[in-house]
Amino acid sequence: MEKESVTYMDEKLIIDACVRGESWARKKVYEMYAPTMMSLCIRYVGNREIARDILQDGFIKVFTHIHTYSYKGAFAGWIHRIFVTTSLEYLRKTDALRSAVDIMDYNEQLKDVDVSVLDRLSEEDLMDCVERLPAGYRTVFNMYAIEGYSHKEIAEALGISVATSKTQFLRARTALQKSVKSLMNNYKHVR
């Protein structure tokens with residue numbers, strides 16, 4: 001399904017109608033953003049059922065706080081931040097990030113693995129690998145590699161040290177590389 005093109009004026013009319021509580025406008029916002037936000041939630045929590053709950057919570061926040069949207073910056077970006085925050089709140093609340101450890105406690109030797117194998121995978125394959133990462137790894141990987149947060153910003157958002165953020169990212173990358181190698185080996189045997 002291709003995303004429908006909406007002009008700034010159309011978007012403003014829809015947002016204004018949402019502020020007034022009009023159900024057609026809320027439905028339109030949901031239809032426009034739910035698929036993308038569901039993917040975001042799955043990337044963070046790695047579980048489709050939990051992601052559906054977070055999607056619902058996120059849209060409740062969107063519609064509860066839509067009156068605060070100031071039309072500065074993209075509406076899609078505003079919604080995106082709400083869903084990242086909602087996903088992180090879930091992870092903090094459930095102590096999913098508890099397994100985060102500081103780099104000083106990390107005794108495993110990180111091996112350099114050829115990252116070019118990632119170019120051979122489909123996006124769906126890679127997202128499946130990301131979903132299978134432990135919560136701490138997955139969260140930091142999403143925030144750093146996909147969302148573009150710095151390790152300092154990640155540390156502040158998650159209440160961990162910068163070193164822990166870096167360690168979690170390195171571990172995530174190493175785990176992803178192993179998963180990708182395994183997939184590549186499976187593809188060679190299938191063909």
Side-chain angles (χ1 to χ4, degrees), residues 33-58 61 77 79-190:
Y33 294 102
T36 305
M37 295 306 112
M38 181 65 174
S39 295
L40 180 147
C41 295
I42 291 170
R43 271 198 342 257
Y44 274 93
V45 299
N47 178 298
R48 294 183 189 283
E49 292 304 314
I50 294 169
R52 283 188 188 103
D53 291 342
I54 294 170
L55 183 74
Q56 180 179 348
D57 292 346
K61 289 178 182 179
I79 287 178
H80 183 91
R81 280 188 303 279
I82 288 173
F83 280 90
V84 168
T85 301
T86 304
S87 297
L88 293 176
E89 286 170 352
Y90 168 81
L91 291 170
R92 276 191 295 268
K93 182 173 69 178
T94 59
D95 267 347
L97 303 174
R98 180 177 228 164
S99 65
V101 294
D102 196 17
I103 197 164
M104 302 315 243
D105 299 330
Y106 185 48
N107 294 324
E108 292 177 356
Q109 184 71 21
L110 294 174
K111 298 175 185 169
D112 290 333
V113 179
D114 180 14
V115 234
S116 66
V117 293
L118 293 175
D119 294 335
R120 299 182 206 147
L121 289 177
S122 72
E123 181 181 343
E124 184 177 322
D125 289 334
L126 187 55
M127 286 298 108
D128 286 343
C129 290
V130 171
E131 285 178 33
R132 289 192 300 267
L133 289 171
Y137 298 3
R138 183 178 56 244
T139 302
V140 172
F141 181 83
N142 279 319
M143 293 181 78
Y144 185 80
I146 297 174
E147 305 291 342
Y149 287 91
S150 71
H151 285 295
K152 182 178 184 221
E153 292 169 321
I154 295 167
E156 290 171 2
L158 301 180
I160 59 177
S161 71
V162 171
T164 299
S165 177
K166 289 178 181 180
T167 300
Q168 295 297 304
F169 177 72
L170 291 173
R171 287 181 175 180
R173 192 174 74 180
T174 300
L176 284 173
Q177 289 169 340
K178 287 178 184 175
S179 294
V180 167
K181 276 188 167 185
S182 175
L183 280 174
M184 294 304 290
N185 288 335
N186 290 340
Y187 287 151
K188 287 178 189 175
H189 295 298
V190 171

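One-based numbering along the sequence shown.
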Open item on the list: Tell me the closest heavy-atom pair linking Ala135 and Leu91, and the distance in Å.
Closed with: CB-CD2, 4.3 Å

TODO: Dump the intermediate steps for side-chain contact (heavy atoms from CB on, under 4.5 Å) on Leu158 and Gln168, then the final yes or no.
DONE: CA-CA 12 Å; Leu158 301 180; Gln168 295 297 304; over 6 Å; no

Task: Nearest-0.5 Å distance that lies between atom CD1 in Ile42 and atom CG in Leu55 - done: 9.0 Å

Task: N/O donor-acceptor pair under 3.5 Å between Arg138 side chain and Val130 backbone - done: no

Open item on the list: Would you say that Leu40 contacts Thr36 through its side chain, given a criterion of any heavy-atom pair below 4.5 Å between the two side chains?
Closed with: no

- [ ] Report the C-alpha separation of Tyr44 and Glu147 in whole Å, then their side-chain angles, then the decisive distance to 0.1 Å, and conclude whether the side-chain contact (heavy atoms from CB on, under 4.5 Å) test is met.
- [x] CA-CA 11 Å; Tyr44 274 93; Glu147 305 291 342; 3.1 Å; yes

TODO: Report the distance from atom CZ of Arg52 to atom CZ of Arg48, rounding to the nearest 0.5 Å.
DONE: 7.5 Å

TODO: Considering non-hydrogen atoms only, spot the tightest contact between Ala51 and Val45 and give its length.
DONE: N-CG2, 3.8 Å

Task: Closest non-hydrogen atom pair, Ser165 against Ile154 - done: OG-CG2, 3.4 Å

Task: Distance (rounded to the nearest 0.5 Å) between Ser39 OG and Glu131 CD - done: 9.0 Å

- [ ] Measure the CG-OG distance between Asp128 and Ser179 for me, rounded to the nearest 0.5 Å.
- [x] 10.0 Å

Task: Glu89/Arg92 salt bridge by N-O under 4.0 Å criterion - done: no

TODO: Using atom types as modelled and distance alone, determine if a side-chain donor or acceptor of Thr174 lies under 3.5 Å from a backbone N or O of Leu170.
DONE: yes

TODO: Can you see which heavy atom on Met143 is nearest to which on Ala157, and at what distance?
DONE: CE-CB, 4.0 Å

TODO: List the atom of Cys41, the atom of Phe83, and the distance in Å for their closest heavy-atom pair.
DONE: SG-CD2, 3.8 Å

Task: Gap separating the CD1 atom of Ile160 from the NE2 atom of His151, nearest 0.5 angstrom - done: 9.5 Å

- [ ] Identify the two heavy atoms, one from Ser87 and one from Ile54, that lie closest to each other, and give their separation to 0.1 Å.
- [x] OG-CG2, 3.7 Å

Task: Flag if over 12 foreign heavy atoms under 6.0 Å of CZ, Phe169 - done: yes

Task: Distance (rounded to the nearest 0.5 Å) between Met37 CE and Arg43 CZ - done: 9.0 Å

